[in-house]
Student: 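Take a look at this one; I'll ask things after.
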Amino acid sequence: MREPDWTGALDEAYGHALAHLKGLPGRPVGASTTLADLRKAVGVPLPERPSEAREVIATLAEVAEPGLVASGSGRFFGFVFGGSTPTALAADWLTSTWDQNSGLYATSPAASVIEEVAGAWVLDLLGLPSSASVGFVTGTQMATFTCLAAARHELLRRAGWDVERRGLFGAPPIRVLAGAERHGTIDRALRYLGIGTDAVRAVAVDDQGRMTRDGLAAALDDAAGEPVIVCTGVGNINSGAFDPMGEICDLAHAAGAWVHVDGAFGLWAAASPALRPLVDGVDRADSWATDAHKWLNVPYDSGIAVCANPAAHRAAMGVRAAYLIHAEGDEHDQLDYVPEFSRRARGIPVYAALRALGRSGIAELVEGSCALARRFADRLGAADGVTVLNDVVLNQVLVRFDGDDARTRRIVDRVRDEGTCFLTGTTWRGRAAMRISVTNWSTDEADVDRSVAAILEIAAST
Ligand SMILES: *Cc1c(COP(=O)(O)O)cnc(C)c1O
């Protein structure tokens, strides 16, 4: 057998990785090719014979490059993405290198203990109960799925129904109360779980998208006697607003409901002493879904499911098989807390990111993004005809041009085409808006100012 060419493959990849990272500040943020050209470059016939690793990696970098979106750029403000810090990226490389199947303590003691510690750090940092259970999953979508599976288990257990054994046919129906502005991943998780989206009653929200106390009280009254999950959000996907968690937990728990929190990015406000009041009461919920691949700036895919009821979490996810080696003592088998079986040790980059930034570094990262969002709002809002539509309480800014839907959408599209920065449009309370989200660790004031100048210049000529 030939010596494996680790050096050739990894050296080649390292060179391309560095070139990509160092090129981020200077390149257009959007992709620079067409679908047809990409298909042509990528879509060669399946090779009949092996190729040299170095050559394959070089070609891969070459064909992908024009189709890459520079989402790691400091001027990427689309969706809620976040980039990767150097430490998180390097730890992610090691995670791939070690290639641990980290479902069980037995298959990787190191991964198990690193995830155990990373989980405890996340609870500490976000002010969640230290007794809660944690699963490192692919993203908030699967974190919400995992948490709502735990909720389904617990509510039906209380109703005398073993859902893991009997399924949902014939089970008492579960009612879901969720803000009218909820993220689509809630509905998707309900589809996966067999609860279905018809189970949702939309709770009234205020002008920032926050669930109202009266709306929730009325919805809970209406659902009296049924098993109820209340799905809340901290960090509205458009406005960044926070549901009033203290009031919600009081009302919902008095009615015996389970409270789930979608905190994909907003939950990280808890990591900042200055912003923590925004999430007051969030620690009293029953489950929380959040991302590390957004504001913590860890590479994809990295979400975190947290459950205040570890027994329910484990009842919903746990698995046993004769050929596996299950924990018999105090060890932590991750597959009892996640939907996957074989799994990447995705908690390792989270551990490294938390270790690198520390408590103060994470607070600065979150507060820094919020200050830059306010800078966007102040500078854009000062221009003629530009209106900031939301209270900029976090990292999200919604902007509208001359009160005109079509014009606002045209400007959003032209800004993306021009390439200085990347952002998207949305509809906010029936009106078109430009949506700016600041979550990248590397964004600075110069990035914001350059982007504001490009946006205003495009607006002036549109
Ligand atoms: C991003 C996001 C999600 C989905 O998270 P994924 O990590 O993409 O699965 C859910 N809710 C909110 C508020 C989000 O911002």
Side-chain angles (χ1 to χ4, degrees), residues 69 71 76-84 88 92 122 126 134-149 176 178-193 197 200 203 205 208-211 229-243 245 259-270 278-279 282 285 287-306 338-340 343-344 346-347 349-350 353 366 369-370 373 390 393-398 422-424 426 428 435-440:
V69 172
S71 47
F76 188 92
F77 307 111
F79 318 102
V80 188
F81 271 10
S84 300
D92 201 62
V122 167
L126 300 181
V134 180
F136 289 94
V137 295
T138 51
T140 290
Q141 172 70 78
M142 289 315 285
T144 289
F145 166 79
T146 303
C147 291
L148 296 187
V176 178
E181 293 277 344
R182 67 187 173 276
H183 195 271
T185 46
I186 300 277
D187 297 70
R188 211 154 164 240
L190 295 172
R191 282 160 46 197
Y192 298 167
L193 287 162
T197 52
V200 181
V203 178
V205 294
Q208 298 300 314
R210 293 173 293 225
M211 192 182 274
I229 304 173
V230 178
C231 288
T232 67
V234 293
N236 177 286
I237 193 66
N238 284 310
S239 70
F242 291 74
D243 280 348
M245 288 309 306
V259 178
H260 173 68
V261 182
D262 173 355
F265 60 98
L267 195 53
W268 293 86
L278 290 169
V279 293
V282 79
S287 58
W288 303 263
T290 191
D291 274 321
H293 59 214
K294 287 183 175 170
W295 226 342
L296 188 59
N297 282 262
V298 166
Y300 292 107
D301 45 17
S302 196
I304 308 171
V306 180
V338 298
E340 299 88 2
R343 65 183 286 279
R344 176 180 178 79
R346 54 179 64 86
V350 175
V366 172
S369 300
C370 296
N390 63 319
V393 293
L394 199 67
N395 63 327
Q396 302 287 122
V397 187
L398 301 173
F422 188 108
L423 43 74
T424 62
T426 190
W428 176 245
R435 179 180 174 287
I436 298 164
S437 176
V438 187
T439 25
N440 190 295

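Note that ligands are numbered from 1 as they come in the structure, with each ligand's atoms numbered from 1 the same way.
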Student: What are the two closest non-hydrogen atoms of His293 and Tyr300, and how far apart are they?
Tutor: ND1-CD2, 3.2 Å

Student: Pick from Asp92, Val298, Asp301: which one makes a side-chain contact (heavy atoms from CB on, under 4.5 Å) with Arg346?
Tutor: Asp301

Student: With distance as the sole criterion, is a donor-acceptor pair present between the side chains of Ser437 and Gln396 under 3.5 Å?
Tutor: yes

Student: Do Thr138 and Pro339 have side chains that approach each other closer than 4.5 Å (heavy atoms only, starting at C-beta)?
Tutor: no

Student: Of the options Asn440, Asn395, Thr290, Val438, which is the one that meets Trp295 in a side-chain contact (heavy atoms from CB on, under 4.5 Å)?
Tutor: Asn395

Student: When you check ligand 1 against the protein, what N or O pairs turn up below 3.5 Å? List the atom names and distances, or just say none.
Tutor:
| from | atom 1 | to | atom 2 | distance (Å) |
| --- | --- | --- | --- | --- |
| ligand 1 | 5 (O) | Asp291 | OD2 | 3.3 |
| ligand 1 | 7 (O) | Thr140 | N | 3.0 |
| ligand 1 | 7 (O) | Asp291 | OD1 | 2.9 |
| ligand 1 | 7 (O) | Asp291 | OD2 | 2.7 |
| ligand 1 | 7 (O) | His293 | NE2 | 2.8 |
| ligand 1 | 9 (O) | Thr140 | N | 3.2 |
| ligand 1 | 9 (O) | Gln141 | N | 2.7 |
| ligand 1 | 11 (N) | Asp262 | OD1 | 3.1 |
| ligand 1 | 11 (N) | Asp262 | OD2 | 2.7 |
| ligand 1 | 15 (O) | Lys294 | NZ | 2.7 |

Student: Determine the minimum heavy-atom distance between Thr439 and Phe81, stating which atoms define it.
Tutor: OG1-N, 3.7 Å

